[in-house]
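Input: a single structure, listed below in C-alpha cells.
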Amino acid sequence: MRYFLIKSEPGVWSWDQMVAEGAKGTHWNGVRNHQAAIHLKAMAKGDRCFFYHSNEERQIVGLVQVIKTAYPDPTDPAGRFVMVDVKAQKTFRRPVTLGQIKAEPRLAHISLVRQSRLSVMDIDDAAAALILEMGGMG
DNA sequence: GCCAACGTTGGC
DNA sequence: GCCAACGTTGGC
C-alpha cells in the first residue's frame, strides 16, 4: 500500500463534503497537470491519500482511500486526463499544518514543501508514518 | 494583496 | 524552436 497527498481548496471541496459522501466516495476530477496525473495513474485500489486543505487553511485534515483506479476524466474536453475515485477513511485527530511540516527536518524532502503548486503527489512510507503520528493517528 | 513558481500560448 | 507575455496556483 502506498501513500499520496491530494490538495483541495476547502471553499471548493472540503473534508466535510468528502466525509458526507460516505462509502460511495467521489470522483477526484479536474487534474490538469501532467505530473499530478502521473501520480493519479500510479494509484492502486486500497492506497491512501492524505487530504490537504490548501490556501486559507494549509493543513492535512484527513485520510482517504482509493476505491477505483485511474480512468478518463469526462470534464477534460481533450479526453487526455484521468481521475480516480476516493472515499473518506479517517479524520485526523489533530490536523497537521504546513508550518509543522516545514518545521520537521524529516519532512523537508516531500513535494508539499518543495513544489507548492503540485496538487497530487506521492509520500514515502517513512514520511507517511511520521505525518500520521503528528496527526495523532499513530 | 502581493509575489514566486511554473505551465501555456503566440509571435517571430 | 525560442522566448516573452500572460494566466493560475498557492504561500505568505
Side-chain angles (χ1 to χ4, degrees):
Chain A
M1 186 190 62
R2 298 177 61 193
Y3 286 93
F4 296 86
L5 182 147
I6 56 179
K7 287 184 181 174
S8 189
E9 286 185 53
V12 177
W13 184 259
S14 71
W15 177 246
D16 286 347
Q17 287 171 282
M18 191 70 237
V19 169
E21 293 298 319
K24 72 178 168 68
T26 190
H27 315 298
W28 202 257
N29 63 16
V31 170
R32 294 292 181 271
N33 172 282
H34 206 64
Q35 228 193 319
I38 287 169
H39 295 305
L40 286 181
K41 288 176 187 170
M43 290 179 186
K45 212 169 175 178
D47 282 351
R48 308 290 154 87
C49 308
F50 293 103
F51 192 101
Y52 177 81
H53 273 165
S54 63
N55 294 324
E56 316 94 88
E57 286 195 25
R58 275 167 279 130
Q59 56 187 4
I60 295 171
V61 290
L63 197 65
V64 301
Q65 190 176 340
V66 177
I67 55 175
K68 187 172 177 183
T69 55
Y71 59 107
D73 178 350
T75 67
D76 174 22
R80 286 195 217 99
F81 285 99
V82 295
M83 61 187 189
V84 298
D85 288 2
V86 294
K87 68 169 183 183
Q89 199 198 13
K90 279 178 180 166
T91 302
F92 268 40
R93 197 166 305 155
R94 298 188 299 271
V96 178
T97 66
L98 182 61
Q100 286 175 269
I101 290 168
K102 287 193 163 174
E104 170 52 72
R106 286 173 292 171
L107 294 176
H109 65 288
I110 68 172
S111 304
L112 188 68
V113 176
R114 309 193 70 143
Q115 250 184 295
S116 65
R117 288 185 59 194
L118 190 60
S119 61
V120 182
M121 65 195 73
D122 56 344
I123 301 285
D124 64 85
D125 289 348
L130 186 52
I131 292 167
L132 288 169
E133 193 186 311
M134 289 162 76
M137 309 300 288

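Convention: sequence-line order gives letters A, B, ...; per-chain numbering from 1.
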Worksheet entry | N55(A) CG - dC12(C) C1' separation (whole Å) | 11 Å

Worksheet item: Is a side-chain donor or acceptor of D47(A) paired with a backbone partner of R2(A) at a separation under 3.5 angstrom?
Response: yes

Worksheet item: Which pair of heavy atoms, one from P10(A) and one from S54(A), lies closest together, and at what distance?
Response: CD-O, 3.4 Å

Worksheet item: Using a heavy-atom distance cut-off of less than 4.0 Å, which residues of residues 97-104 of chain A contact DNA chain C?
Response: L98(A), K102(A)

Response to the item:
For K7(A) and W28(A), the nearest pair of non-hydrogen atoms, with its separation, is O-CZ2, 3.5 Å

Worksheet item: So, is the end of the K90(A) side chain (NZ or CZ) under 6.0 Å from the ring centre of F92(A) and within 45° of the ring's axis?
Response: no

Pairwise N/O distances under 3.5 Å, protein to nucleotides 2-5 of chain B:
{"residue": "dA5(B)", "atom": "N3", "partner": "R117(A)", "partner atom": "NH1", "Å": "3.1"}

Worksheet, complete the sentence: Test side chain to side chain contact (heavy atoms under 4.5 Å, CB included), reference K41(A), set T69(A), V84(A), V82(A), output is V82(A)

Item to complete: Measure across M83(A) and P74(A) and return the closest heavy-atom pair with its distance rounded to 0.1 Å.
Response: CE-CD, 3.5 Å

Item to complete: Let me know the distance between CD of E56(A) and C1' of dG1(B), rounded to the nearest Å.
Response: 15 Å

Response to the item:
Residues of residues 29-41 of chain A with a heavy atom under 4.0 Å from any atom of DNA chain C, listed by number, are none

Discussion item. Under a 4.0 Å threshold between the charged nitrogen and the carboxylate oxygen, would R32(A) count as salt-bridged to D73(A)?
Written reply: yes

Practice prompt. I would like to know whether F50(A) and F4(A) meet ring-ring contact (aromatic ring centres under 6.0 Å, His included); could you show each step before the answer?
Written response: CA-CA 6 Å; F50(A) 293 103; F4(A) 296 86; over 10 Å; no

Worksheet item: Roughly how many Å is it from CZ in R58(A) to P in dT9(C), rounded to a whole number?
Response: 17 Å

Discussion item. Using OP1 and OP2 only, check whether a side-chain N or O of Y52(A) sits under 4.0 Å from dT9(C).
Written reply: no

Response to the item:
Heavy-atom closest pair (D125(A) atom, M1(A) atom, distance to 0.1 Å) is OD1-O, 4.2 Å

Worksheet item: Is there a donor-acceptor contact under 3.5 Å from the side chain of N55(A) to the main chain of E9(A)?
Response: no

Fill in: Rounded distance in Å - CD1 (I6(A)) to P (dT9(C))
17 Å

